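For reference, the structure is listed below as structure tokens.
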Amino acid sequence: MIVTRIRRRHLAGGLIGGLALLAAACSGVPTSTDPVSAPTRIEREVPVATNTQLPVARAGMSPPAVVNDFIKASAQSGGRHDAAKAFLTPDAQRVWRDNAGATIGTVQYIGSFDIKAQTVDVQLTEVGQVDAAGVFTATPSVSNYKTVKFHLRRDAKTKRWQISQLPGPGVILSPANFNSIYTPINLYFLNRGQDPRVVPDPRYFDVPPLSLASAVAQALVNGPSARLRPAVDTAIPPKARLRQGVVAKSPLQIDLRGIGGMTQTQLHGMAAQFVWTMDQVRPILHVERLQILSEGTVDSIKGFGTQPLSKDSWLSYDPEAMPPGAATSYLIQDGDVIRGSDGQRVPGASGLELSSVAVSVDGQYIAGVARNGKGATLYVGKYAGRLRAVLHQAQLTTPTWLPDDQLLLVSNRRDLLRFSAASPSGSPASYTNALASIPGVRSLRVSLDGARVAVVSLDGTVYTGVVGSTAPIVGLAQLVDAPSDATQVAWSGATELTILAPDPNLSLPMAVWTAEVDSIGGKRSSLPTSGLPDSPVALAAAPNQYTIVQPKNQDTPFYYNSDDETWSGLPSNDGFPLQGSAPTYPG
């Protein structure tokens, strides 16, 4: 079995300081950074064999016992399921696609044998499903109690009951068995921003450890999942194929055909995808680096030659890294915008009485909304320049930035607008049907890599989708793992959300939650409230940054320290708590 653990690591202060210094030459862009909290990194341990004894098909078993032991035997790893097949008729063995994915759920009840129909009903509480490509889809709690039907037949010769028809392809696994059999791996594709980044596509693999590298490499060549495809690109050519399996040796060699004639830019992008993806496999196989081969020959990549590649040389593609100097929070103080890192005011926003602000990921643009009794006004401009009023509506959400000069916001709780900061005199593009399935919008945020979007509706439901190249939002669906009655949402990771929502188990009315997108391994949890003077009403979060909240009736924002699990006032340069409201990070 493959055992996975998620741990917290701390970034060295010297590294953060060094990154901040790199931005000093950029005119008009902030150069200070906030304290950085520990990013989440996945460390994988060596596969450990288990001595779990699988059920054996025997004569004299009742039909319910046959079904029960078949489900237990399906917990065999590696996609072979020989023990489970022994409970099937020969015809059922031939048609059963045991590698077609898994239904993940807890069996609640196995019914008695229906003699007339020759069936046994199994009732289970379903968590979700993983398809043949390894993509997980969660099951909403309102429809997670299911009944599946097994057909059985008695063999005339052996007198044994056998399953003749299954409820569907794939296997039924408990959450514990699923987590012990399937290995979670992020496939990485490319975003569509001007600054290239890799975008994670979470998948689950049920293969023996020595076959994992080949399975992962093949899945990457096959391309992104249907869910993520509208938001990403791949530098791997459509005609690319694996020439042979990936052998578990150092370096891992990805031998491809169909990649001849690629430009250096394309090679760089493809190498970034393979390096970031296979970096999760290397520790399992105890190998160091990898090489990309074309028809058995190592392709020369500019800047790297033909040397084996490692992720350390491809950190510029990190989906969770802010540009140097941009890793600072922003606050509203007396109607002006200030940087949380040093308390300095942003000159172009002074005097506008903004109630919320959004800074572009590269720190080049700034947008803000001023609200009063007459409605809401959107201001946009260069970071160091004067902001201009470009739009007035009855209601506007806080803007959120794509990786380039484009921003999204919602007008009058329903109409999605896309605006170019590079041409603020133009009219925003309006997409009236993009959010039609949601009962009004309270908050909308785009992930740092620009691929995913999270929305909080007026009824407190959290939805997620992807940012398409033509349609602005694609595949919007409820995030099953999110808490109910949410008020705000922010991206604290490439696939992790931080959410403001009630928690009846804590002392304050509102709490800060985290939840994973497209992942069975990231169940939601709420942060402790120790140190908070009152319930949080505003939220800021970003990858590898402190989570910041604005407590009710307080002028001091508070940040969460994961080391001691307490909240403290956000410090300023003079040592006193910083004053301000409506905290935010770039993006």
Side-chain angles (χ1 to χ4, degrees), residues 1-3 47-132 134 145-183 204-212 215 520:
M1 295 183 183
I2 306 270
V3 180
V48 178
T50 64
N51 296 319
T52 302
Q53 187 173 359
L54 295 171
V56 176
R58 303 180 309 275
M61 296 180 68
S62 67
V66 169
V67 171
N68 180 65
D69 281 7
F70 167 78
I71 294 174
K72 289 182 179 179
S74 298
Q76 181 180 8
S77 63
R80 298 177 301 273
H81 302 110
D82 295 330
K85 289 178 181 178
F87 293 91
L88 307 179
T89 64
D91 287 343
Q93 290 182 25
R94 283 190 290 270
V95 299
W96 182 38
R97 294 176 58 224
D98 59 326
N99 61 350
T103 296
I104 309 158
T106 302
V107 174
Q108 301 293 347
Y109 177 74
I110 296 180
S112 57
F113 182 53
D114 186 327
I115 299 176
K116 183 177 180 180
Q118 301 279 283
T119 59
V120 171
D121 287 347
V122 175
Q123 296 175 346
L124 56 92
T125 304
E126 187 178 276
V127 174
Q129 295 188 352
V130 168
D131 65 17
Y145 195 72
K146 294 190 174 181
T147 299
V148 295
K149 194 178 295 292
F150 288 79
H151 293 258
L152 291 95
R153 187 175 64 203
R154 194 171 190 178
D155 187 270
K157 293 182 179 180
T158 65
K159 306 302 182 182
R160 287 171 44 198
W161 285 101
Q162 294 177 312
I163 298 170
S164 59
Q165 183 179 337
L166 292 158
V171 296
I172 297 174
L173 296 174
S174 69
N177 284 336
F178 177 84
N179 288 326
S180 66
I181 293 172
Y182 278 75
T183 304
Y204 294 87
F205 293 86
D206 175 20
V207 294
L210 293 180
S211 302
L212 183 61
I520 189 177

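All values derive from a computational prediction rather than experimental measurement.
Applying the side chain to side chain donor-acceptor pair (under 3.5 Å) rule to Gln108 yields the partners Thr125; only residues at least two apart in sequence or on another chain are considered. Qualifying side chain to side chain contact (heavy atoms under 4.5 Å, CB included) partners for Thr89, counting only residues two or more places apart in sequence or in other chains: Asp91, Ala92, Arg153, Gln162, Ser164. Checked against side chain to side chain donor-acceptor pair (under 3.5 Å), Gln123 has the following partners two or more places apart in sequence or in another chain: Tyr145. Under the rule for a side chain to side chain donor-acceptor pair (under 3.5 Å), the partners of Thr158 that lie at least two apart in sequence or sit in another chain are Asp155.
A distance of 11.5 Å separates CD1 in Ile172 from OG1 in Thr106, rounded to the nearest 0.5 Å. To the nearest 0.5 angstrom, Arg58 atom CZ is 6.5 Å from Asp69 atom CG. Asn68 CG to Ser62 OG: the interatomic distance, rounded to the nearest 0.5 Å, is 9.0 Å. Interatomic distance, CZ of Phe70 versus CE of Met61, reported as 12.0 Å (0.5 Å rounding). Atom-to-atom distance recorded for Ile110:CD1 and Leu124:CG is 10.0 Å, nearest 0.5 angstrom. In this structure, Tyr182 OH and Ile104 CD1 are separated by 7.5 Å, a value rounded to the nearest 0.5 Å.
The closest donor-acceptor contact from the side chain of Gln76 to the backbone of Asp82 lies under 3.5 Å. For Tyr204 (side chain) and Phe178 (main-chain N/O), no donor-acceptor pair under 3.5 Å exists by modelled atom type. Side-chain atoms of Arg154 come within 3.5 Å of backbone N or O of Lys159 as a donor-acceptor pair.
Across all non-hydrogen atoms, the minimal contact from Phe87 to Val56 is CZ-C, 3.7 Å. In plain terms, the two heavy atoms of Ala83 and Ala73 that are nearest each other are C-CB, 3.9 Å. Across Ala59 and Arg160, no two heavy atoms sit closer than the pair CA-CG, 3.6 Å. In this structure, Leu173 and Ala75 approach most closely via the heavy-atom pair CD2-CA, 3.7 Å. For Leu88 against Gln93, the heavy-atom pair with the smallest separation is O-NE2, 3.2 Å. Residues Pro169 and Ala100 share a closest heavy-atom pair of CB-CB, 3.7 Å.
Residue pairs meeting the salt bridge (charged side-chain N to carboxylate O under 4.0 Å, His left out) criterion with at least one partner in residues 99-124, sequence neighbours excluded, are Asp121-Lys149. Here ring pair (Phe, Tyr, Trp, His ring centres under 6.0 Å) pairs that include residues 153-172, with residues two or more places apart or in two chains, are Phe113-Trp161.
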CA sep, side-chain torsions, deciding dist, call: Asp206, His81, side-chain contact (heavy atoms from CB on, under 4.5 Å)
CA-CA 11 Å; Asp206 175 20; His81 302 110; 4.0 Å; yes
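Looking only at side-chain heavy atoms (C-beta outward), Asn179 and Ile520 come within less than 4.5 Å of each other. Side-chain contact between Lys146 and Thr103 is absent, with no heavy-atom pair separated by less than 4.5 Å. Here the side chains of Ile163 and Val66 are in contact, with some heavy-atom distance below 4.5 Å.
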